[in-house]
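Notes for the one structure printed next.
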Amino acid sequence: MPELPEVETVRRGLAPAMEGRAIAGVDLARGDLRFPFTPGFAKRLKGRRVLALRRRGKYLLGELDSGETLLMHLGMSGSFRIDHAAPIGEPYIPRGRNPAHDHVVFRFEGGARVTYNDPRRFGFMLLLTAKERETHPLLAGLGVEPLGEGLDADALARMFDGRAAPLKAALLDQKNIAGLGNIYVCEALHRAGLSPLRAARTLVSGGKPSAALKRLAKAIKDVLQQALDAGGSTLRDHHLTDGSLGYFQHSFRVYDREGAACPKKGCAGTIARVVQSGRSTFHCPVCQK
DNA sequence: CTGTGTTCCTGTTCGC
DNA sequence: TGCGAACAGGAACACA
């Protein structure tokens with residue numbers, strides 16, 4: 001369930017269960033997810049305290065009292081579940097719906113557990129040293145945080161200048177902007193009135209951003225912030241750490257709405273679906289230019 | 001270097 | 001109801 005608003009919502013849900021708490025043990029149900037777990041993963045985590053749980057793009061980063069960083073990515077289908085400590089004398093009973101895909105259990109001192117479930121196993125977890133935290137290619141190449149100061153029209157102009165790739169691909173590229181995924185790229189482009197098929201470089205002239213790029217920068221920030229305020233989007237009954245559901249999916253204007261009327265005021269267009277680099281793009285061919 | 005297609009894996013939905 | 005095909009929120013990798 002993983003674009004920036006969903007990952008940030010997960011972070012906020014997990015933080016109270018993890019921050020300031022010591023890991024009593026880690027149970028791995030297998031040796032790998034998308035990648036093998038870092039050698040000694042469980043052993044090195046045992047006894048460590050989580051100082052803070054942060055987010056960078058779509059990554060979660062647990063900062064440990066050892067100076068190491070627990071790097072986690074949810075892939076397409078990863079989710080966390082919190083099981084609070086059972087009352088004294090009562091047995092621990094996991095309440096996950098699909099225990100076959102519970103791959104990692106963090107047991108915290110005091111009895112609470114955080115369980116990672118991931119049917120498709122596109123997610124992964126790595127344990128990075130303080131040095132690797134700064135140099136690891138997965139993190140070092142990440143682009144700007146879209147909700148931070150780093151994203152504005154000038155930054156977009158630098159990313160797009162001379163680039164022949166379509167806007168859809170340029171915005172999905174995590175080396176440009178960290179945290180956008182298929183849904184929010186489609187939504188932001190519709191809000192900005194820009195075609196996902198348009199070459200990125202056509203929005204830059206002489207290194208300077210066009211008016212459209214300013215709209216795009218604002219549309220990206222707006223849609224992400226609104227999704228965050230709604231607790232993210234919930235597809236296929238995916239639930240949050242506390243079992244609740246995000247509800248931004250009800251606010252989609254184009255995503256998964258092929259054949260529907262364009263929601264833009266005064267636009268008579270119909271939402272179309274096209275495939276770009278193997279992935280569905282939803283857009284209005286009439287008002288997105 | 002740049003842009004595109006393939007691939008990893010399982011589960012759900014859709015058309016017949 | 002069953003059954004195969006298509007598709008799914010990501011992104012590393014191979015290749016032209």
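Chain letters run A, B, ... following the sequence lines, proteins first and then strands; every chain starts at 1.
- In this structure, the CD atom of Glu187(A) is 13 Å from the P atom of dG9(C), given to the nearest Å.
- Separating the CE atom of Met76(A) from the P atom of dT7(B) is a distance of 16 Å, rounded to the nearest angstrom.
- Donor-acceptor pairing under 3.5 Å, judged by distance alone, is absent between the side chain of Arg279(A) and the base of dA8(C).
- Between the CD atom of Gln276(A) and the P atom of dT4(B) there is a distance of 9 Å, given to the nearest Å.
- Formation of a donor-acceptor pair under 3.5 Å by the Asn176(A) side chain with backbone atoms of Ala170(A) is found in this model.
- Applying a 4.0 Å cut-off to non-hydrogen atoms, the residues of residues 27-35 of chain A that approach DNA chain C are Arg34(A), listed by residue number.
- Between the C1' atom of dC1(B) and the CG atom of Asp161(A) lies a distance of 15 Å, rounded to the nearest Å.
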Can you list the steps and then say if Asp222(A) with Gln226(A) is a side-chain hydrogen bond (donor to acceptor under 3.5 Å, both in side chains)? CA-CA 6 Å; Asp222(A) 285 351; Gln226(A) 287 165 24; 5.1 Å; no
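- The distance from atom CZ of Phe282(A) to atom CD1 of Ile183(A), rounded to the nearest 0.5 Å, is 9.5 Å.
- One interatomic measurement links the two molecules: CZ of Arg163(A) to C1' of dT2(B), which rounds to 7 Å at whole-angstrom precision.
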When the side chains of residues 246-269 of chain A are checked against the rest of the protein, which donor-acceptor pairs come out under 3.5 Å, sequence neighbours left out?
from      : atom 1 : to        : atom 2 : distance (Å)
Gln249(A) : OE1    : Thr234(A) : N      : 2.8
Gln249(A) : NE2    : Gly246(A) : O      : 3.2
Arg257(A) : NH1    : Arg253(A) : O      : 2.9

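- With distances taken from any side-chain atom of His101(A) to the nucleotides dT10(B), dG10(C), dA12(C), the minimum falls on dT10(B).
- Here dT4(B) is the nucleotide among dT10(B), dA8(C), dT4(B) with the atom lying nearest to any side-chain atom of Pro166(A).
- Using atom P as the reference point in both dC3(C) and dC9(B), the two lie 25 Å apart (nearest Å).
- Taking the six-membered ring for Trp and thresholds of 30 and 60 degrees, Tyr59(A) and His73(A) have ring planes more than 60 degrees apart, a perpendicular arrangement.
- Donor-acceptor pairing under 3.5 Å is lacking for the side chains of Gln288(A) and Ser195(A).
- Taking a cutoff of 4.0 Å between a charged side-chain nitrogen and a carboxylate oxygen, Asp161(A) and Arg201(A) do not qualify as a salt bridge.
- Separating the CG atom of Asp118(A) from the P atom of dC8(B) is a distance of 17 Å, rounded to the nearest angstrom.
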If you restrict it to nitrogen or oxygen atoms, what contacts under 3.5 Å exist between nucleotides 14-16 of chain B and the protein, and what is each distance?
none

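- Side-chain nitrogen and oxygen atoms of Tyr255(A) include at least one within less than 4.0 Å of the OP1 or OP2 phosphate oxygen of dG9(C).
- In this structure, the side chain of Arg198(A) engages the main chain of Lys289(A) through a donor-acceptor pair within 3.5 Å.
- Between the base of dC9(B) and the side chain of Arg120(A) there is a donor-acceptor pair shorter than 3.5 Å.
- The CG-P distance, from Leu71(A) to dA12(C), rounds to 11 Å in whole Å.
- The phosphate of dA8(C) has neither OP1 nor OP2 within less than 4.0 Å of any side-chain N or O from Ser77(A).
- Looking at Glu132(A), its side chain never comes within 3.5 Å of a backbone N or O of Ala130(A) through a donor-acceptor pair.
- Taking the 5.5 Å centre cut-off and the 30° plane limit, the aromatic side chain of Phe122(A) is classed as stacked on dG10(C).
- Looking at Thr115(A) and Asp102(A), their side chains never bring a donor and an acceptor atom within 3.5 Å of each other.
- Set against dC7(C), dA12(C), dG10(C), the side chain of Tyr59(A) has dA12(C) as its closest nucleotide.
- Contact check, His73(A) against dG10(C): no side-chain N or O comes under 4.0 Å of OP1 or OP2.
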Hey, can you pull the donor-acceptor pairs under 3.5 Å for the side chains in residues 30-56 of chain A, sequence neighbours left out?
from     : atom 1 : to        : atom 2 : distance (Å)
Arg30(A) : NE     : Asp32(A)  : O      : 2.7
Arg30(A) : NE     : Asp32(A)  : OD1    : 3.2
Arg30(A) : NH2    : Asp32(A)  : OD1    : 3.0
Thr38(A) : OG1    : Leu127(A) : N      : 2.9
Arg44(A) : NE     : Glu68(A)  : OE2    : 3.3
Arg44(A) : NH1    : Pro39(A)  : O      : 3.4
Arg44(A) : NH2    : Glu68(A)  : OE2    : 2.9
Lys46(A) : NZ     : Ala24(A)  : O      : 3.2
Arg48(A) : NE     : Asp65(A)  : OD1    : 2.7
Arg49(A) : NH1    : Gly20(A)  : O      : 2.7
Arg54(A) : NE     : Glu63(A)  : OE1    : 3.3
Arg54(A) : NE     : Glu63(A)  : OE2    : 2.7
Arg55(A) : NE     : Glu8(A)   : OE1    : 2.9
Arg55(A) : NH1    : Gly57(A)  : O      : 2.9
Arg55(A) : NH1    : Glu145(A) : OE1    : 3.0
Arg55(A) : NH2    : Glu145(A) : OE1    : 3.1
Arg56(A) : NH1    : Gly143(A) : O      : 3.0
Arg56(A) : NH1    : Glu145(A) : OE2    : 3.0
Arg56(A) : NH2    : Leu142(A) : O      : 3.4
Arg56(A) : NH2    : Gly143(A) : O      : 2.8

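- Remark: C1' of dC1(B) and NZ of Lys175(A) are 11 Å apart, rounded to the nearest angstrom.
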Solution key, residues 207-214 of chain A side-chain donor-acceptor pairs under 3.5 Å, sequence neighbours excluded:
from      : atom 1 : to        : atom 2 : distance (Å)
Ser210(A) : OG     : Leu203(A) : O      : 3.1
Ser210(A) : OG     : Ala212(A) : N      : 3.4
Ser210(A) : OG     : Leu213(A) : N      : 3.4

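- Paired regions of DNA chain B, where each region holds three or more successive Watson-Crick or G-U pairs whose two hydrogen-bonding distances fall under 3.5 Å, are B:2-8 with C:10-16, B:10-16 with C:2-8.
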